[in-house]
Amino acid sequence: MSPLESYKTQLLEQAAQVGALKFGNFTLKSGRKSPYFFNAGLMSDGTILHTVAQAYAATLCASPSPGDPNANPFTDFDILFGPAYKGISFAACTALVLASIHGRDVKFAYDRKEAKDHGEGGNIVGWPSGGKEKWRVVVVDDVMTTGLAASTAINHVVRQGGEVVGVVQLLDREEFSEIDDQGRKVSSVMKLERLLGGKGKVRSVLKMRDLVKWLEEKEARGESSEEEMMSLQALREYRDTYGITSF
């Protein structure tokens, strides 16, 4: 089994250091008891913002999975859209890294929680005027729970006359949010991809499996604390109960 990518390891380590990634017993909005919690709002210093932006950029520039029949929607887009509030800094920093490291110059835009009634007005900032008939947009999300924030951002983009070609999120919990009429487990990512018109239009910097692998690698090196070893087992049990993907 190949080791976890270095940028993912760095991001997980820094997230744990600043308290953005915590292990324990947490009650989610859904009522589920989760053995971990990820709070992207605590990623607020320059060091970890740089790491996050590099990770987003690497994910956006990655090739599609081998054998994926779908065209790669992330090779040609014009705007990164960051939903208020956490998405604003993530989109801005990622646009900077895409230009400085990957040579991809894209614009970034974001929404306001309340429309502005003076100046340029409206609730969208940074949207270009003219230049293209339809701007191609990728939405930057943090952790998708219900998919509401991403869906709202998509609606904003459509109202501006743009086209959302993809969504990139920081963490995919890889768990089902509902069971459909045919008894199939459905995740928020799956529902969002249906809205966007195809599989592969939502990418994730991290997935729940990466958390498991990170803890497994620490355990193999003899670097795990007792709490981390207990958390690893709890993650495996949670995955077995709510997981959407076979591991």
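Residue numbers count from 1 along this sequence.
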Minimum-distance pair of heavy atoms, taken over all atoms of [X] and [Y]:
X	Y	result
W135	D78	CE3-CB, 3.4 Å
A84	D111	N-OD1, 2.7 Å
G200	F74	O-CE1, 3.6 Å
L171	K207	CD1-C, 4.0 Å
K218	S224	C-OG, 3.3 Å
Q14	T47	OE1-O, 3.8 Å

Is there a path of hydrophobic side-chain contacts, each under 4.5 Å between heavy atoms, that joins [X] and [Y]?
X	Y	answer
V205	L215	yes
L170	F26	yes
L235	M229	no
L206	L28	yes
V18	F23	yes

Problem set entry | Step-by-step side-chain contact (heavy atoms from CB on, under 4.5 Å) determination, L12 to L211 | CA-CA 8 Å; L12 286 168; L211 271 66; 3.8 Å; yes

Is there a side-chain contact between [X] and [Y], using heavy atoms and a 4.5 Å cut-off?
X	Y	value
I154	L196	yes
S44	L49	no
W127	V137	yes

Problem set entry | Candidate pair L21 and W214, rule side-chain contact (heavy atoms from CB on, under 4.5 Å), full reasoning | CA-CA 12 Å; L21 172 62; W214 176 61; 3.8 Å; yes

What do you reckon, is [atom1] of [X] surrounded by more than 12 foreign heavy atoms closer than 6.0 Å?
X	atom1	value
D76	CG	yes
M230	CE	no
K107	NZ	no
E226	CD	no
H102	NE2	yes

For this session: May I ask you to say whether E216 pairs ionically with K213, meaning some side-chain N is under 4.0 Å from a carboxylate O?
Result: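 So E216 does not pair with K213 through a salt bridge.
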
Problem set entry | Short N-O contact, E163 and K132, less than 4.0 angstrom |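 Judged by the 4.0 Å cut-off on N to carboxylate O distance, E163 and K132 do not form a salt bridge.
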
Problem set entry | From OG (S204) to CD (E174), nearest 0.5 Å |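 Answer for the OG-CD pair, S204 versus E174, is 7.5 Å.
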
Exercise. If you round to the nearest 0.5 Å, how far is CG of L232 from CD of E227?
Worked result: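 Interatomic distance, E227 CD to L232 CG, rounded to 0.5 Å: 12.5 Å.
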
Give a yes or no on whether the backbone of [Y] and the side-chain of [X] come within a donor-acceptor separation of less than 3.5 Å.
X	Y	value
S231	G24	no
D141	M144	no
R136	V165	no

Exercise. Judged by modelled atom types alone, do E175 and Y238 share a side-chain donor-acceptor pair under 3.5 Å?
Worked result: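 Looking only at side-chain atoms, Y238 and E175 do form a donor-acceptor pair, the distance falling under 3.5 Å.
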
Exercise. Among side-chain atoms of Q233 and E237, is any donor-acceptor pair under 3.5 angstrom?
Worked result: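 Judged by distance alone, the side chains do pair up.
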
Exercise. Between F176 and R32, is there a cation-pi geometry (under 6.0 Å to ring centre, at most 45° from the normal)?
Worked result: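 Satisfied, under 6.0 Å and within 45°.
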
Exercise. Within 45° of the ring axis of Y56 and under 6.0 Å from its six-membered ring centre, is that where the NZ or CZ of R203 lies?
Worked result: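 Checked: cation-pi criterion not met.
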
Exercise. Under 6.0 Å between ring centres, would you say that holds for F81 and Y110?
Worked result: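 They do not qualify: ring centres at least 6.0 Å apart.
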
For this session: For the pair L80 and L60, evaluate side-chain contact (heavy atoms from CB on, under 4.5 Å) and give the outcome as yes or no after the intermediate values.
Result: CA-CA 11 Å; L80 276 179; L60 286 165; 4.0 Å; yes

Problem set entry | Pair listing, side chain to side chain donor-acceptor pair (under 3.5 Å) test, anchored in residues 185-197, at least two apart |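 Qualifying pairs: E178-K191.
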
For this session: Decide yes or no on side-chain contact (heavy atoms from CB on, under 4.5 Å) for I124 and H156, but give the supporting numbers first.
Result: CA-CA 8 Å; I124 304 298; H156 284 322; 3.9 Å; yes

